[in-house]
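Comments concern the structure below.
Please read these numbers as outputs of a predicted model, since none were measured by experiment. Here is how names work: the chains are called A, B, and so on, in the same order as the sequence lines, proteins then strands, and each is numbered from 1.
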Amino acid sequence: MKKKLVLIDGNSIAYRAFFALPLLNNDKGVHTNAVYGFTTMLQKIMTDEKPTHILVAFDAGKTTFRHKTYGEYKGGRQKTPPELSEQFPYIRELLDAYQIPRYELENYEADDIIGTLSLQAEKDGYEVKIISGDKDLTQLSSETTTVGITRKGITDIEMYTPEHIMEKWEITPDRIIDMKGLMGDSSDNIPGVPGVGEKTAIKLLKQFGTIEKLLDSIDEVSGKKLKEKLEENKDQAVMSKELATILREAPVKVTVEELNYEGSDDKKLKEFFKELGFNSLLEKMGETVEEEQDLQDVSFEILTEINDGHLKEDSSLYIEVMEDNYFNGEIVGISMRNQSGNYFFTLETALSSKAFKEWAADESIKKSVYDAKMSIVSLRRQDIKLNGVDFDLLIASYILNPAESADDFASVAKRHGASAIESDEAVYGKGAKRKVPAEEKLAEHLARKANVVYELKSICEESLKENDQYQLFTDLELPLAIILADMEYTGVAVDVDRLKEMKEELANRLDEMEKKIHELAGEVFNINSPKQLGVVLFEKLELPVIKKTKTGYSTSADVLEKLQSKHEIVEHILNYRQLGKLQSTYIEGLLKVVHDDGHKVHTRFNQALTQTGRLSSTDPNLQNIPIRLEEGRKIRQAFVPSEKNWLMFAADYSQIELRVLAHIAGDEKLIHAFNEGMDIHTKTAMDVFHVDADSVTSNMRRHAKAVNFGIVYGISDFGLSQSLGITRKEAGEFIQRYLDSYPGVKEYMDDIISEAKQKGFVKTLLQRRRYIPEITSRNFNLRSFAERTAMNTPIQGSAADIIKKAMIDMAERLEKENLQSRLLLQVHDELIFEAPEEEIERLKEIVPDVMENAVELNVPLKVDYSYGPTWYDAK
DNA sequence: TGCACCACGC
DNA sequence: GACGTACGTGGTGCAA
């Protein structure tokens, strides 16, 4: 077996882990995030690399021989946070438990130890892998040595071979020190040459080879300023190179042979994980983790008969359905908590209790629940009506902070300081092992849940009021939950026969296309496998590689489009992809979720998920049914009214986000444009390109539309450049010109960012919040992302608020006017109804009326509508 | 079972 | 210069 040495840069990985993960604590208050990250990284290395020899190198002390060369080396560096320092002893303990040798050397850095040992190992015929978070180490890459640098997080490692370095920087590994010498390294305080960054450094090295050769032929450097800088900083460049050079003959006292790895001391390792509270890692080692037993005893009663004495005002009611799709799973238990006690009972008990059913249906008796929509629907499937819900812990938690509201009861409970509760996973198990436990155990768990809801009601209400979000909760989201429950329960009728026809036809076409593609490729392969497709396109057919993914060649649509002219096969693949998507996701996917009784699908809207306040839809997702391409749009022919002589009626807001922007920003030009009913993309083109309406070309309008799109979705210059197929610079200029054209918008963007910085969150028209802590990050990417989020969320979120309000008003109006028409779906800016023919004329009046007047803005809201026998025809 | 890639909507 | 860049859901392939 080939010998393989893994060398790990301990300090660097510890740093990476520390900053990549949130500050975890174990129960003794010791910070453990760096140790945890280090462990997961180590485990990944061990399984991926299976080293025969291994060592972790650490930096020793503060000063090294490099300080003699340059006193300021690593100067100005933030000192190691104490939260990290305190974790180093644990990392050492971890390595000892793994029986992995560690090493540090006075006066030298970990880099030098690694450099020295890797050289020795290469000579002795080892394959070497180096793992670090510091790109400097890539200079050690060679035929036999690969350098892995952690990318985002800690377990995502980018491997640097000489080929990869060549691809990325267009230089050989031994020139990396020259690159560093020229561009410097702010984190190590290596000065380099001012004004020279990565791009310039690479350009110079490609031309001259090394720093020394460059300085010899300095007259040949193009660019006066650059030449001056180089001349001025000659010595500094040479010194910087020296500082960046890893020493390969440090006086290391261990030999490679001594580093052979014989496996971990599992007993020690388990003890260590236990001490630090790494339960998930313990479980991986096959240990059962006993529950934290600070669970308080809960006294409850299992009811076999429910009577008036148990049923009180202000109860919490908890319904448990095991499957997350409550249209498939049945209720496995119900619990209740109120002044008279804490109870558990089965569905059968509930069904046989007239008192319970009346109590549940009584609007005037107030109940608190966790997930009102789920509770209402799952009870309604049993013919039990649930009314009078005035508190929903799931929604309250979501409103208080949409980022943290994982749909997981135990974590919501913990977050708001409720008494401890076991996780569902601990009680029910997971995956294939998931099952309903014995009744006593289930009863206890559910009793605790009802208890938590009961406890948290007033606490959450208080917090909502403090945030000025109580109205959002009671007047918007809670009533909406009831409407969504109705929509879901009603479901949408599907023309199954039509779908099956389409399936048949598509299957034939796909077969033919598959044959054609295989023929053109000269071999049979799986077109759906990006991996196999990549080999065919880029190796066998030798098409140019446009883009790579981290696992291979990219074969995405935008890449294939660029290759269309190069080979006939490409177009066929694009068509195959398009139809394949329709077949698998929309036709087969939809057929899979049609309920046998009545040919309906019952999507579930997740009301507590998105960061902006939008809804999402699953099983099936009815918010992404094709519309753009005719071929796909035909899918909509399969969505039909559920009753004879009814029609589908669809109404959508026109440009709601841009209208919201005009309102929030108070931009006069934009407001004027909407007041005048102008075509907003044409108007934007006029303002951005400084032309009059007649001179706007279709290309100008397309660009303007993309910019508007970018504003609405908060995309970056990069994103805009991708969608328009232009350079990033051009895209940036477009955005700049847009902001120059609409000074009100510019001002809004600036203000909202500073508001986000100051408060830590942004909010929508109806007081929905999104917290954006990254807005103060020193990391450019995180901060930029946060800034775009700050600008975009009030726009998208307010639009979401408005349509939610419209849905509530609409339900009220339909009820008031005694109409049979039903709201079926919401697709972000669109509402879809089914309606008796004779009500269509009425809907044409009231739907736009209600939607356009859901809120009052300083621009008009505009709604378009249409109707027909299928969703397809309602266009 | 989990991740990577791709593609659909707004 | 920063290396990753609206938000969702779902399908298939593939390695573990």
Could you check which of [options] has an atom nearest any side-chain atom of [X]?
X: A:Thr585; options: C:dG13, C:dG8, C:dG11; answer: C:dG11
X: A:Gln796; options: C:dC3, C:dA15, C:dA6; answer: C:dA6
X: A:Thr618; options: C:dG8, C:dA6, C:dT9; answer: C:dT9

Inset, instruction - Quick one: sort the A:Trp169 and A:Tyr160 rings into parallel, tilted or perpendicular, breaks at 30° and 60°. - result: parallel
Inset, instruction - Using the P atom on both, measure C:dG4 against B:dC5 and round to a whole Å. - result: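 To the nearest whole Å, 13 Å.
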Legend entry - C1' gap between B:dG9 and C:dA6, integer Å: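 It works out to 13 Å between them.
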If only side-chain N and O atoms of [X] are considered, is one of them under 4.0 Å from the OP1 or OP2 phosphate oxygen of [N]?
X: A:Gln532; N: C:dC14; value: yes
X: A:Asn526; N: C:dG13; value: yes
X: A:Ser529; N: C:dC14; value: yes

Legend entry - Results of ring pair (Phe, Tyr, Trp, His ring centres under 6.0 Å) for A:His572 - residues two or more places apart only: none
Legend entry - Nearest-nucleotide 5' precedence on DNA chain C, A:Asn781 against A:Lys531: A:Asn781
Inset, instruction - Remember a base hit wins even if backbone is also touched, and classify A:Gln722 as base, sugar-phosphate or nothing at under 4.0 Å, heavy atoms. - result: nothing
Legend entry - Basic-acidic side-chain contact under 4.0 Å: A:Lys592, A:Glu588: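 Between A:Glu588 and A:Lys592 there is no salt bridge, as every charged N stays at least 4.0 Å from the carboxylate O atoms.
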Legend entry - Qualifying residues under side chain to side chain contact (heavy atoms under 4.5 Å, CB included), relative to A:Ser12, sequence neighbours excluded: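 Expected list: A:Asp9, A:Ser132, A:Asp134.
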Legend entry - Pairs touching residues 792-807 of chain A that satisfy salt bridge (Lys or Arg N to Asp or Glu O under 4.0 Å), sequence neighbours left out: A:Glu477-A:Lys804, A:Arg768-A:Asp801, A:Lys805-A:Asp809
Legend entry - Qualifying salt bridge (Lys or Arg N to Asp or Glu O under 4.0 Å) pairs, either residue in residues 602-626 of chain A, two or more places apart: A:Arg604-A:Asp619, A:Arg614-A:Glu657
Legend entry - Contact pattern, 5' to 3', of nucleotides 5-10 of chain B - B, S or - by protein heavy atom under 4.0 Å: SSBBSB
Inset, instruction - Return one dot-bracket line describing DNA chain C 5' to 3' (Watson-Crick or G-U wobble pairs, both distances under 3.5 Å; ( ) same strand, [ ] crossing, | another strand, . none). - result: ......|||||||||.
